[in-house]
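Some notes on the structure that comes next.
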Protein chains: 2
Amino acid sequence: MTVTRNSRADVVRAAGRLFAARGYHGTSMRDLGRELGLQGSSLYSHITSKEDLLVEVVEAGAELFERSATRALEETEEPIERLRLLVGGHVGVVLDHLDEARTFLNEAQALERDHRAVVIKARDRYESVFRSVIRQGIESGELRPDLDVRMTAIYLLSVLNAIDRWYRPEGELDRDALVDSIMEFVVRGANRVR
Amino acid sequence: MTVTRNSRADVVRAAGRLFAARGYHGTSMRDLGRELGLQGSSLYSHITSKEDLLVEVVEAGAELFERSATRALEETEEPIERLRLLVGGHVGVVLDHLDEARTFLNEAQALERDHRAVVIKARDRYESVFRSVIRQGIESGELRPDLDVRMTAIYLLSVLNAIDRWYRPEGELDRDALVDSIMEFVVRGANRVR
DNA sequence: CCTACCGATCGGTAGG
DNA sequence: CCTACCGATCGGTAGG
């Protein structure tokens with residue numbers, strides 16, 4: 001049995017776990033120390049403040065979502081394919097990086113002003129990728145022309161951001177079926193082909 | 001200028017305001033006292049614990065949603081009309097009772113086990129109303145028969161529960177237009193009429 | 001990474 | 001509803 005010291009990355013990951021489960025204000029540095037098998041005060045050899053930890057976890061979440069969007073755009077130019085990749089990528093981030101995703105989505109309000117502003121900008125950029133892909137789908141004739149682009153993006157993201165609230169990987173619905181289900185829900189309502 | 005004493009209801013309402021804005025763990029009893037212009041310790045002449053306050057706010061939220069669902073069912077028997085009333089009622093609760101709605105939706109995790117279980121049951125009952133109305137829409141032939149009832153209810157509620165994250169009453173979209181927009185998004189995708 | 005602390009703040013009580 | 005507290009816990013530092 002090897003007892004290794006914790007790395008800074010271990011600390012950030014554990015913080016994500018607790019922030020996602022109990023919230024930032026619901027997590028004390030002593031809770032976090034316990035999670036890692038050390039004293040709360042020992043955490044300060046890795047970080048300089050509790051807020052720092054939140055910033056790192058939230059930024060990790062933001063990066064995961066942004067990278068997913070970039071990949072979707074690089075993979076193909078076909079709008080509906082892009083939309084499916086955006087949905088699949090988002091589902092992947094939520095399911096594979098639940099803690100970072102949840103903290104990014106729910107705990108950004110606990111950040112102080114400047115850092116919160118950065119997060120809001122990252123969210124806007126991410127949402128704008130959805131908007132532009134929806135717009136491309138309209139231009140290509142695959143989505144109906146009277147669609148409200150902004151609203152559609154908001155509704156789709158509402159569905160995606162709520163997944164962690166109900167989805168259980170042990171359930172009957174696997175990841176691909178989930179993506180199909182969401183795509184059907186969204187695109188059937190926006191599809192021109194009748 | 002009349003300086004009146006605060007009632008218990010005032011305390012609960014103010015608690016809802018702060019819990020919704022900063023979260024339960026992000027709100028101290030002294031914060032709440034300041035909000036009402038009195039000492040933190042004075043709150044204990046109205047209530048017996050901080051957790052009590054959370055229970056009351058969350059239950060107020062639960063009741064508002066349940067009453068909205070009951071009203072929708074009583075108003076009409078036509079499935080699509082019922083669905084519209086459910087959506088309109090939900091939008092009304094979120095916009096007119098934002099603090100209770102937010103606390104109900106986001107802060108129930110801070111409740112201790114027993115009370116949290118009550119909330120989860122209330123949510124299930126509410127969701128089951130959505131499911132049964134969707135089922136009625138399928139039976140009446142207005143919604144397509146291959147629709148996944150559970151998933152459709154979850155997606156619709158995901159859209160509804162995210163409204164407080166982006167909707168601004170000062171914006172161009174008024175309440176009725178919001179309801180129309182959501183109904184179009186959901187029903188067009190589920191509508192049999194082509 | 002630990003021990004030993006720090007001042008500040010927490011939820012809550014006693015007694016008016 | 002206030003004053004005056006209580007013990008516990010908070011984020012964080014010093015010094016090893």
Side-chain angles (χ1 to χ4, degrees), chain A residues 1-59 103 107-116, chain B residues 1-59 103 107-116:
Chain A
M1 244 184 70
T2 337
V3 176
T4 323
R5 285 184 147 221
N6 290 293
S7 69
R8 187 191 157 88
D10 293 331
V11 175
V12 176
R13 258 196 306 275
R17 231 176 296 146
L18 297 191
F19 293 165
R22 318 177 196 172
Y24 178 72
H25 292 301
T27 303
S28 76
M29 294 305 279
R30 283 160 181 86
D31 289 339
L32 182 52
R34 208 174 301 120
E35 179 82 5
L36 290 160
L38 44 79
Q39 302 299 314
S41 59
S42 303
L43 296 163
Y44 290 89
S45 56
H46 294 291
I47 52 140
T48 61
S49 75
K50 189 188 175 190
E51 164 112 16
D52 260 24
L53 274 176
L54 180 58
V55 170
E56 281 208 44
V57 175
V58 166
E59 274 176 4
T103 305
E107 296 301 317
Q109 47 125 26
L111 288 168
E112 42 102 351
R113 267 179 83 281
D114 290 7
H115 281 116
R116 202 171 52 234
Chain B
M1 245 183 70
T2 338
V3 174
T4 323
R5 286 183 145 221
N6 289 293
S7 69
R8 188 190 157 87
D10 292 332
V11 175
V12 175
R13 259 197 305 275
R17 231 176 297 146
L18 297 192
F19 293 165
R22 317 176 196 172
Y24 177 72
H25 291 301
T27 303
S28 75
M29 294 304 279
R30 283 161 180 86
D31 289 338
L32 182 53
R34 207 174 302 119
E35 179 83 4
L36 291 160
L38 44 80
Q39 301 299 314
S41 59
S42 303
L43 295 164
Y44 289 90
S45 56
H46 294 291
I47 53 140
T48 60
S49 75
K50 189 188 174 190
E51 164 112 15
D52 260 24
L53 274 177
L54 181 57
V55 170
E56 281 207 46
V57 175
V58 166
E59 276 176 2
T103 305
E107 296 301 316
Q109 47 126 30
L111 288 168
E112 42 100 352
R113 267 179 82 283
D114 291 6
H115 281 115
R116 201 171 52 234

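Each chain gets a letter, A, B and so on, in the order its sequence line appears, and its residues count up from 1.
- In this entry the distance linking CG of A:Leu43 with C1' of C:dT3 reads 15 Å, nearest Å.
- In this structure, B:Asn6 and B:Asp10 approach most closely via the heavy-atom pair CA-OD2, 3.5 Å.
- Atom-to-atom distance recorded for A:Met29:CE and A:Arg34:CZ is 12.5 Å, nearest 0.5 angstrom.
- Listed pair B:Tyr44 / C:dT13 fails the phosphate criterion, with no side-chain N or O lying under 4.0 Å from OP1 or OP2.
- Secondary-structure stems of DNA chain C, taken as three or more successive Watson-Crick or G-U wobble pairs (i with j, i+1 with j-1) under a 3.5 Å distance threshold, comprise C:1-16 with D:1-16.
- Contact check for B:Lys50 versus B:Leu54: no side-chain heavy atoms found under the 4.5 Å cut-off.
- Neither OP1 nor OP2 of C:dC1 sits under 4.0 Å from any side-chain N or O of A:Ser45.
- The line from CG of A:Leu32 to CG of A:Leu38 is 8.0 Å long, rounded to the nearest 0.5 Å.
- Rounding to the nearest 0.5 Å gives a distance of 10.0 Å between CG of B:Leu43 and CZ of B:Arg30.
- The distance from atom NZ of B:Lys50 to atom P of C:dC10 is 9 Å, rounded to the nearest whole Å.
- Of all the heavy atoms in B:Leu53 and B:Val11, the pair that sits closest is CD2-CG1, 3.9 Å.
- In this model, the phosphate group of C:dT9 is not approached by any side-chain N or O of B:Ser28 to a distance below 4.0 Å at OP1 or OP2.
- Side-chain N or O atoms of A:Arg116 include one that pairs as donor or acceptor with a backbone N or O of A:Leu111 at under 3.5 Å.
- Across all strands, B:His46 comes closer than 4.0 Å only to sugar-phosphate atoms, never to a base (heavy-atom distances).
- Following rounding to the nearest Å, A:Glu112 (CD) and D:dG11 (P) show an atom-to-atom distance of 17 Å.
- Atom CG of A:Asp52 is separated from atom P of D:dT13 by 11 Å (rounded to the nearest Å).
- Sorted by first then second residue, the side chain to side chain donor-acceptor pair (under 3.5 Å) pairs that include residues 14-27 of chain A, not counting sequence neighbours, are A:Arg17-A:Glu35, A:Arg22-A:Asp31.
- Residue B:Thr103 comes nearest to B:Ala20 through the heavy atom pair OG1-N, 3.7 Å, listed as atom of the first residue, atom of the second, then distance.
- One can place NE2 of B:His25 at 11 Å from P of D:dC10, the figure rounded to the nearest angstrom.
- Per the geometry, CD belonging to A:Glu51 stands 14 Å off C1' belonging to D:dG12, to the nearest Å.
- Within a heavy-atom distance below 4.0 Å of DNA chain D, the residues of residues 30-41 of chain A found are A:Arg30, A:Ser41.
- The separation between B:Leu18 atom CG and C:dC10 atom P is 12 Å, rounded to whole Å.
- Atom-to-atom, CZ of A:Phe19 to C1' of D:dG11 comes out at 12 Å; the value is rounded to the nearest Å.
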